[in-house]
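So the structure is just underneath, and the comments pick up after that.
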Amino acid sequence: MNNDLPTPSSEAQAHSEKLVAYIREAMQGGSISFADYMQQCLYAPGLGYYVAGSQKFGEAGDFITAPMVSSLYSQTIVQSIMPTLKETDGAILELGAGNGQMAADILLFLQQQGDTSTEYYILEVSPDCQAQQKQTLEKQVPDALVRVQWLQRLPEDFKGVILANEVLDAMPVHMFRYQKQELLERRVTWQEDSFAYIDEPMQDEVLRLAIAALPLTQDEKQDYISEINLTLPVFVRSLIAKLQQGLIVFVDYGFLQDVYYHADRNQGTLMCHYRHHASSDPFLHPGLQDITAHVDFTKVGEVAMHCGLQVSFDSQAEYLLSHGLLDLAVTDDEKQQLVYSQQIQKLVQPHEMGELFKVMCLEKK
Ligand SMILES: C[S@@+](CC[C@H](N)C(=O)[O-])C[C@H]1O[C@@H](n2cnc3c(N)ncnc32)[C@H](O)[C@@H]1O
């Protein structure tokens with residue numbers, strides 16, 4: 001990853017300009033919250049990053065997620081949830097299934113274990129991602145397609161396991177700034193020929209209260225920029241309400257609040273990805289780059305405990321290693337062994353995905 005972003009094609013630029021016009025219309029010459037800006041950049045109908053048909057995932061796209069690193073990843077995850085699937089006699093519901101690689105690997109692994117009956121549901125907000133998921137499954141596990149259903153909304157009284165791999169980081173966040181003891185909302189406006197931040201006195205009371213509940217110290221209030229996901233508690237609560245019995249597994253990059261909102265992290269965690277280049281500028285090529293923020297796992301855990309669920313929290317490395325990742329990689333084929341060991345490094349090494357990525361499991365009944 002570096003900051004020399006490649007130039008998009010003229011077709012891609014024209015697409016971005018359409019989204020810019022769409023967002024500017026919503027601004028009506030003023031400003032919008034960063035969360036509204038991010039929502040439109042990622043999900044504006046027909047125009048947003050996840051909704052329009054660009055290549056997002058994999059080597060030819062913008063970023064790679066753990067299911068694309070190795071099928072061992074999804075195999076380990078499914079191995080870890082098998083006891084719950086058996087106990088609840090339940091199904092799997094995957095949220096935001098991206099290009100469908102995790103679904104394909106899970107269904108294939110279940111088949112290999114003799115399980116051809118577990119149902120697989122996918123809830124995906126992007127029609128473009130849904131189409132990619134169908135393609136992947138048709139190609140890799142055609143026999144299992146009969147067990148897969150795409151849902152428009154969360155099912156009632158769900159029993160089994162809800163999986164969300166890198167979904168929470170793709171949700172819009174509000175931005176804020178403490179400057180000379182004053183709390184400002186970091187909003188988005190149009191200046192000359194591009195979008196730009198504008199820091200305005202905080203007027204949103206819900207946002208003010210949510211920020212007041214964060215463990216920020218007086219020091220941090222000197223000049224401190226960060227972000228907060230106001231939808232997160234509502235989203236987690238809605239999943240818990242629909243889960244009658246079973247497990248919710250979130251895997252994502254993120255921190256507990258003491259680390260997330262530490263004084264040293266005074267620029268927040270906002271990150272954008274375009275063609276495997278990382279930048280912190282969300283105004284470059286609107287609609288063509290992914291925009292993400294780290295996940296506040298303290299908030300997820302608090303909501304779950306408040307609802308009476310049991311919570312476990314591990315680094316990705318701890319979780320995968322304690323659920324049999326290495327055993328799954330045992331093979332007599334030396335070439336394959338080498339490939340596996342490179343993939344395992346990527347999944348568990350602290351400087352790769354091992355430490356930054358966390359696994360939070362919420363268990364109900
Ligand atoms: C970063 S991608 C991760 C894709 C995939 N899970 C993976 O790990 O490769 C985020 C995915 O979440 C989806 N998404 C975002 N918000 C969602 C929501 N509220 N419900 C369901 N899916 C959502 C996006 O459309 C996209 O498919």
Side-chain angles (χ1 to χ4, degrees), residues 35 38-74 76-78 92-106 120-137 140 149-155 158 161-173 229-239 242 248-254 270-274 276 278 287 289-295 300 316 320 346-347 353 356-359:
M38 186 167 164
Q39 171 72 29
Q40 303 303 344
C41 282
L42 298 183
Y43 305 108
L47 293 170
Y49 176 77
Y50 277 110
V51 181
S54 71
Q55 170 85 42
K56 298 169 263 294
F57 309 106
E59 294 293 345
D62 301 312
F63 58 86
I64 285 179
T65 59
M68 298 167 218
V69 169
S70 174
S71 54
L72 292 173
Y73 174 76
S74 302
T76 311
I77 297 284
V78 71
I92 297 174
L93 165 60
E94 185 181 355
L95 307 178
N99 66 0
Q101 190 55 53
M102 187 171 192
D105 286 334
I106 288 180
Y120 203 100
Y121 299 99
I122 296 179
L123 183 67
E124 169 61 66
V125 290
S126 157
D128 179 53
C129 290
Q130 276 185 27
Q132 277 189 52
Q133 291 152 18
K134 280 188 188 135
Q135 255 181 23
T136 304
L137 294 172
Q140 298 187 21
Q149 266 187 61
W150 279 264
L151 306 178
Q152 297 302 320
R153 64 186 72 85
L154 288 171
F158 181 78
V161 180
I162 301 178
L163 295 175
N165 196 75
E166 286 202 43
V167 175
L168 301 180
D169 70 77
M171 290 184 166
V173 291
N229 181 342
L230 292 184
T231 331
L232 186 65
V234 184
F235 183 75
V236 175
R237 218 171 282 127
S238 68
L239 293 181
K242 302 289 179 179
I248 305 173
V249 183
F250 293 113
V251 189
D252 228 309
Y253 37 91
L270 201 79
M271 190 57 75
C272 309
H273 296 104
Y274 181 67
H276 298 277
Q289 61 169 355
D290 189 21
I291 308 176
T292 77
H294 284 37
V295 175
V300 179
Q316 177 169 300
L320 295 179
K346 181 119 187 104
L347 292 172
M353 303 179 89
L356 180 60
F357 281 73
K358 313 289 193 312
V359 185

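Atoms within a ligand are numbered from 1 in the order they appear, just like the ligands themselves. What you are looking at is a predicted structure, and each value in this text was computed from that prediction instead of being measured.
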Exercise for the section: Return the residue, atom name and 0.1 Å-rounded distance of the protein heavy atom closest to atom 11 (C) of ligand 1. Expected result: Gly96 O, 3.7 Å

Problem - Closest non-hydrogen atom pair, Ala66 against Met353 - result: N-CE, 3.7 Å

Practice task
Would you mind running through ligand 1 and noting each atom that sits below 4.0 Å from a heavy atom of Thr65?
Solution key: 7 (C), 8 (O), 9 (O)

Fill in the blank from the handout: Near Gly98 (heavy-atom distance under 4.0 Å), the atoms of ligand 1 are 4 (C), 5 (C), 27 (O)

Exercise for the section: Considering the heavy atoms of Asn165, write down every atom of ligand 1 situated less than 4.0 Å from one of them. Expected result: 3 (C), 5 (C), 6 (N), 7 (C), 8 (O)

Problem - For Phe235, the ligand 1 atoms whose distance to one of its heavy atoms is below 4.0 Å - result: 19 (N)

Problem - Shortest protein contact, atom 3 (C) of ligand 1 (heavy atom only) - result: Glu166 O, 3.3 Å

Completion exercise
Here the pair of heavy atoms bringing Leu230 nearest to Val234 is O-CG2, 4.0 Å

Problem - Heavy-atom side-chain proximity of Val251 to Gln316 below 4.5 angstrom - result: yes

Handout entry: Under 4.0 Å to a heavy atom of Leu123 - the qualifying atoms of ligand 1, by number
Key = 21 (C), 22 (N)

Completion exercise
Within 4.0 Å of some non-hydrogen atom of Ser126, the atoms of ligand 1 are 25 (O)

Exercise for the section: Check for a donor-acceptor pair, side chain of Ser74 on one end and backbone N or O of Asp105 on the other, with a separation under 3.5 Å. Expected result: no

Name each donor-acceptor pair under 3.5 Å that joins a side chain in residues 163-173 to protein atoms two or more places apart or in another chain, with its distance.
residue: Asn165; atom: OD1; partner: Tyr73; partner atom: OH; Å: 2.5
residue: Asp169; atom: OD1; partner: Tyr253; partner atom: OH; Å: 3.2

Practice task
May I ask you to identify the nearest protein heavy atom to atom 23 (C) of ligand 1, giving residue, atom name and distance to one decimal place in Å?
Solution key: Val125 CG2, 3.6 Å

Practice task
Look at atom 15 (C) of ligand 1 and say which protein heavy atom is nearest, naming residue and atom and giving the distance to 0.1 Å.
Solution key: Tyr43 OH, 3.0 Å

Exercise for the section: Using a 4.5 Å cut-off on heavy atoms from C-beta on, say whether the side chain of Glu94 contacts that of Glu124. Expected result: no

Handout entry: Side chain proximity check, Leu95 to Phe235, heavy atoms < 4.5 angstrom
Key = yes

Problem - Candidate list Leu123, Val161, Ile122, test side-chain contact (heavy atoms from CB on, under 4.5 Å), partner Leu93, passing option - result: Leu123

Problem - Short N or O distance, Glu124 and ligand 1, threshold 3.5 Å exclusive - result: yes

Handout entry: Numbered atoms and elements of ligand 1 in range of Met68, under 4.0 angstrom, heavy atoms
Key = 9 (O)

Handout entry: Contact (N/O only, under 3.5 Å) between Leu95 and ligand 1
Key = no

Handout entry: Proximity to ligand 1 by part of Met102, non-hydrogen separation under 4.0 Å
Key = neither

Exercise for the section: Classify the contact between Asp290 and ligand 1 as side chain, backbone, both or neither, using a heavy-atom distance cut-off of under 4.0 Å. Expected result: neither

Handout entry: Proximal ligand 1 atoms for Cys129, defined as those under 4.0 Å from one of its heavy atoms
Key = 27 (O)

Practice task
Taking all heavy atoms of Lys56 and all of Cys129, pick out the closest pair and write down the distance.
Solution key: CE-SG, 4.1 Å

Exercise for the section: Answer whether the closest heavy-atom distance between the side chains of Ile162 and Lys242 falls below 4.5 Å. Expected result: no

